[in-house]
Amino acid sequence: MSILIKGGRIIDPSRNFDKIGNILIEKGKIKSFPKDAKEFENNSKYKVIDAGRKIVSPGFVDIHVHLREPGYEYKETIRSGCESAAAGGFTSIVCMPNTNPINDNASVTEYIMLKARTEGIVNVFPIGAITKGEKGETLAQIGEMYEAGCVGVSDDGMPVMNSKVMRHAMEYVKAFGIPVISHAEDRNLSASGVMNEGDMSTLLGLKGIPAASEDVMVSRDITLAELTGTHLHICHVSTAGSVRLIRDAKARGVNVTAEAAPHHFTLTDKAVGEYDTNSKMNPPLRGESDMEAVREGLRDGTIDVIATDHAPHSEDEKKVEFDLAPFGIVGLETALPLSLRLVEQGVISLHDMIAKMTYIPSKIVNIERGTLNPGAPADVVIFDAERRYTVDRDKFHSKSKNTPFHGWELSGAVICTIVNGRVVYSC
Amino acid sequence: MEFERKHILGLEELNAEEITLVLDTAESMKEVSERDVKKVPALRGMTVCNLFFEPSTRTRSSFEIAEKRLSADVLNFTTSQSSVVKGESLLDTARNLEAMGASMIVIRHPMSGAPWLLAKELNSSIINAGDGSHEHPSQALLDLFTIRRMKGGIEGLKIVIVGDILHSRVARSNIWGFLKLGAEVRVVGPPTLIPKYIEKIDVRTFYNLSEAVVDADVIIMLRIQKERQDFEFFPSLREYSRFYGLTREKIKRAHENVTVMHPGPINRGVELSSDMADGPGSVILEQVSNGIAVRMAMFYLVASARRNG
């Protein structure tokens, strides 16, 4: 069916476009921007969606999601992860390889692609592992995974500690033009740490992860990116040190991009409070000055994109001693309102926020999404930036409910999500 | 003043009046402990469970004696393995004990925050008997009680805590207790064992023992956990002892009536030379006997708060 979105404020940073108007979607593609909606309104061929007083933008693109399938379907499946994405306004998600089995060869990639085609309601783009079994020893089947659909490589939570292996990975991916995506952490420095090392960890008697464990790895990876000329993308930047290092590297012309997660620009380690495992993530929530540096990095463009690091875990896994709880929180369904807070607080403009959630992330993993260009796949989100509501984890579409934002009052609700011209979520 | 807390989880959350109330109550419990018949009916009909996930002889025995002197029914649940190794979660273990009728659970656990998890999810009163590297409130209260008896009060004293501050729950609880009652607190040890952020709390940091003890009224030696040290934090026990072991020589500049304390068990020749451990300033064994009175006071006050609340 063809869709006409009527009278919304259309913001498409990929074309520097910001006007009130109509969008016509036909055959799954953006067709045109008709001046007048009237001729479509009384035509049963068209589904007309009234977007008056709402914002219409390209569907959001999240380049850091954990879908948990195969292997951990009790936390999330490709289907439930896609539903959660759609409810959050995301039309494309890029999923990390730390499934079971790990996505380190084409057969796992193909499984994910197949499941996503049959059960997924948003576009799913997998990331392959850098090394076999994410062990950091020998390169995974990067070329075959690329052919099967992988858009980047990363060992994510198990960063490659051996610098030579990382160098070879960066050199090797040049044949396929995909980025190396780094969860920057020196695992010897963070050892068995469970939260940010600082006054909170000292008081709580919890083992700390120093900011330095991120900084030294960002520094190493930038050095290797400089050596190899490969596109390096740094995940979930959480420290003032890494923001500074990335800023300096960009100024020198190093091919590096970076992302920040909503929880890192919204919360500090104070949120751990009395051992709240829903505030346990890796990298951990940092101190005030780190959070401010991340916000400044988003403002001045050092940090290119917003990505959620959506990491579902079951209630049972989180309702344990803090040390034993797994790292990570769900993020797809709170990303928009938390990012809109940055706009409200004057950190970034609405235009920049949408850019950091649409065409810039698409560019990083080289996918043709995140734009309303005529002819592009019709991935569109309609949201109401003003609508206030209370976050209720029990209403999440994700299988998991691990969020520190339950009960927060936020502004910004997704009204409708359209993927390839099909409405996949509406409220 | 009435004690209104259902749990005793740590000294960070108790205020000076509450701490003083525990210490005052412990005075009358001490008196009970000195009678021929050392038993009162305060907890009669109440079941208290000692849930110990770490090997501990003295703390567990001390709690058990305190419970029995108050006429509680006592259930001991001791395991050196973590609940997860056994396959059952901590929460399920504790819920089972509650279902068996335990109205108070004393928990020692190798992970910081474990008692908070139980306090959030259970109806029983939770008494923290030591959690990870976080707090050990009964030890701190018995230290405060012992010092108050020795020195007549806490305010204005110069108290030095020596050793592994990084991993020590005794140190954290003691620091809160001492600061709230108006003492000056200094910590000393090798820099690898002093958390970088400890000065955010109002304590002074030293790396040299002889300098740290100048004019000190009380010196608390912390145990070096030999079983935990893989000498990542200092080169050898011999070197540790040379720089941070307490000897007559090193405390020359302390107050002449300096009191020496240790939460036990002592590694003789490592933290303390024997002449210091057994010398005139040492109150190490008094700490042990005061522990019972203080724990009786904790139970007594929490039980009254339960009844009233």
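So you know, we letter chains A, B, ... as the sequences are listed, proteins then strands, and number each from 1.
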(request) Quickly, which of B:Phe53, B:Phe52, B:Phe77 forms a ring-ring contact (aromatic ring centres under 6.0 Å, His included) with B:His109? Name it, please. (result)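 Testing each of B:Phe53, B:Phe52, B:Phe77 against B:His109, the sole residue satisfying ring-ring contact (aromatic ring centres under 6.0 Å, His included) is B:Phe53.
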(request) Measure the acute angle between the ring planes of A:Trp408 and A:Phe405, then classify it against the limits of 30° and 60° as parallel, tilted or perpendicular. (result)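 If you compare the ring of A:Trp408 with that of A:Phe405, the planes turn out perpendicular.
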(message) What part of A:Lys319 gets within 4.5 angstrom of chain B, counting heavy atoms only: side chain, backbone, both, or neither?
(response)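 Both parts, backbone and side chain.
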(message) Need one label for B:Ile165: side chain, backbone, both or neither, based on atoms under 4.5 Å from any heavy atom in chain A.
(response)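 Contact with chain A: none, neither part.
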(message) Just so I understand: if I count every heavy-atom pair under 4.5 Å between each of A:Leu203, A:Leu206, A:Val194 and chain B, which residue has the most?
(response)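 Highest number of pairs under 4.5 Å: A:Leu203.
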(message) Assess whether a salt bridge exists between B:Glu271 and B:Arg223, defined as any Lys/Arg side-chain N lying under 4.0 Å from an Asp/Glu carboxylate O.
(response)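 Here B:Glu271 does not pair with B:Arg223 in a salt bridge, since their nearest N and O are not under 4.0 Å apart.
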(message) Check this for me: does any side-chain nitrogen of one of A:Glu185 and A:Arg220 sit under 4.0 Å from a carboxylate oxygen of the other?
(response)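 Not counted as a salt bridge, because no side-chain N and carboxylate O are separated by less than 4.0 Å.
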(message) Only pairs of heavy atoms separated by less than 4.5 Å count here; which of B:Lys196, B:Glu121, B:Glu135 has the most with chain A?
(response)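 When all of B:Lys196, B:Glu121, B:Glu135 are compared, B:Glu121 has the most.
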